[in-house]
Enquirer: 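Here it is, the structure in full.
We number each residue from 1, following the sequence as shown.
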Amino acid sequence: MNTLDERLANRLHDIVDDEPGSVPPVGALLERGRRARRRRTTALAGATCALVALGVATAATVATTPAPRRPGVTAQASPPASPAIRLVSAATASENISYRMRLSNSGPEGLTYEGAFDPRTATGYVRVAQDDSVMTELLINGTRYEGAERPRGKLPADKDGPGETYGRYGQYPGRYDRLSLYGDGNTVLGAAAPDPAALFTALKGANATISENPDGTLHFGYTTSDKVGSTTTSGDVTLDGDGRIAKVALTGTWQTTAKGRLDTGTFSSTLELFDYGVTVTVKRPTDVVKVKQ
């Protein structure tokens with residue numbers, strides 16, 4: 001069993017508790033993954049069998065009595081994988097491979113993050129444009145740099161003056177294996193943006209229910225609450241042609257009494273993942289100041 005097979009098998013066993021009365025079809029799913037690797041071998045074996053069959057047919061011309069017929073056997077099709085198993089398979093397929101990403105948040109102050117990352121080399125970048133700067137995080141072989149670049153448009157009047165130095169980056173001590181600029185890694189999208197394979201783990205941690213939409217996309221929903229309020233979230237996951245996670249569209253409602261009154265609101269975010277396998281190269285900035293922590 002190779003590394004990918006092992007990761008898939010382990011995750012399938014992780015979700016067996018969420019599938020009452022069933023055992024994850026590890027063998028069937030792993031067999032699907034091995035089929036592509038066996039195509040060339042199968043083609044060669046098929047050609048060999050054809051030659052053997054030709055030889056047998058020639059030698060069998062002296063036979064006069066046909067062999068007795070045996071009852072036909074009908075092959076049983078494997079049952080379709082459950083939505084949870086489909087999602088864990090997609091998460092496994094999206095692991096340890098480079099990609100580009102775009103994370104868009106709704107609302108008048110919603111921000112859009114764009115970047116790329118290669119988990120194998122811990123190298124990547126993410127940028128978010130604001131009115132007075134483009135906040136940028138760079139990760140180069142595990143070393144993190146954060147800084148700001150000049151925005152493309154004209155600076156707002158209230159921010160057109162002395163401020164931070166564009167192009168200057170802080171270098172943080174330690175080693176990092178993922179980007180962090182887009183925020184809270186404890187949220188579902190916060191976990192999946194720097195690591196698509198973490199989507200299933202994040203949903204499982206939120207006790208999400210996972211189902212399948214009529215169009216074949218996957219659907220999830222969960223609710224979180226604390227002493228002053230609650231949040232109800234639902235989302236849809238689209239897979240690409242290779243079975244990897246391509247898009248996570250998330251919407252939700254929240255309510256809180258933190259200010260002594262009932263406040264409510266809605267939110268939505270969309271994470272897009274594409275260009276899997278892209279080459280990610282990041283150049284070290286020239287103006288660097290080491291950050292002490």
Enquirer: Using atom types as modelled, flag every donor-acceptor pair under 3.5 Å from a side chain in residues 225-232 to any protein atom, sequence neighbours excluded.
Expert:
from	atom 1	to	atom 2	distance (Å)
D226	OD1	V228	N	3.0
D226	OD1	G229	N	2.9
T232	OG1	T223	OG1	3.4

Enquirer: For the pair F117 and Y99, name the ring-plane relationship: parallel under 30°, tilted 30 to 60°, perpendicular over 60°.
Expert: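 Perpendicular, since the angle between the ring planes exceeds 60°.
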
Enquirer: Are any of the side-chain nitrogens in E272 or K247 under 4.0 Å away from the carboxylate oxygens of its partner?
Expert: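 Here E272 does not pair with K247 in a salt bridge, since their nearest N and O are not under 4.0 Å apart.
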
Enquirer: Group every Ile, Leu, Val, Met, Phe, Trp and Tyr by side-chain heavy-atom contacts under 4.5 Å, then state whether V282 and V278 land in the same group.
Expert: yes

Enquirer: With no hydrogens and no angle check, is any side-chain donor or acceptor of Q171 less than 3.5 Å from a backbone partner on T143?
Expert: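 Flag not set: sc Q171 to bb T143 has no pair under 3.5 Å.
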
Enquirer: Please tell me whether V134 and V288 are part of a single hydrophobic cluster in this structure, the criterion being side-chain heavy atoms less than 4.5 Å apart.
Expert: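 In one cluster with V134: V288, no.
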
Enquirer: Could you note down all residue pairs passing salt bridge (charged side-chain N to carboxylate O under 4.0 Å, His left out) where residues 116-130 supplies at least one of them, sequence neighbours left out?
Expert: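 Checked against salt bridge (charged side-chain N to carboxylate O under 4.0 Å, His left out) - neighbours excluded - the pairs reaching residues 116-130 are D118-R120.
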
Enquirer: Please list all pairs meeting salt bridge (charged side-chain N to carboxylate O under 4.0 Å, His left out) that have one or both residues in residues 273-287, counting only residues at least two apart or in different chains.
Expert: R100-D275, R168-D287

Enquirer: Measure the shortest side-chain to side-chain distance between R144 and Y169 over non-hydrogen atoms and say whether it is less than 4.5 angstrom.
Expert: no

Enquirer: Do T253 and T266 touch side chain to side chain, with heavy atoms closer than 4.5 Å?
Expert: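 Result yes, sub-4.5 Å side-chain heavy-atom pair found.
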
Enquirer: Would you say H219's side chain and G235's backbone share a donor-acceptor pair under 3.5 angstrom?
Expert: yes

Enquirer: Should R261 and D263 count as an ion pair when the cut-off is N to O under 4.0 Å?
Expert: yes

Enquirer: Under 3.5 Å, is there a donor-acceptor pair linking the side chains of E114 and Y125?
Expert: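 Result is no, nothing qualifies.
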
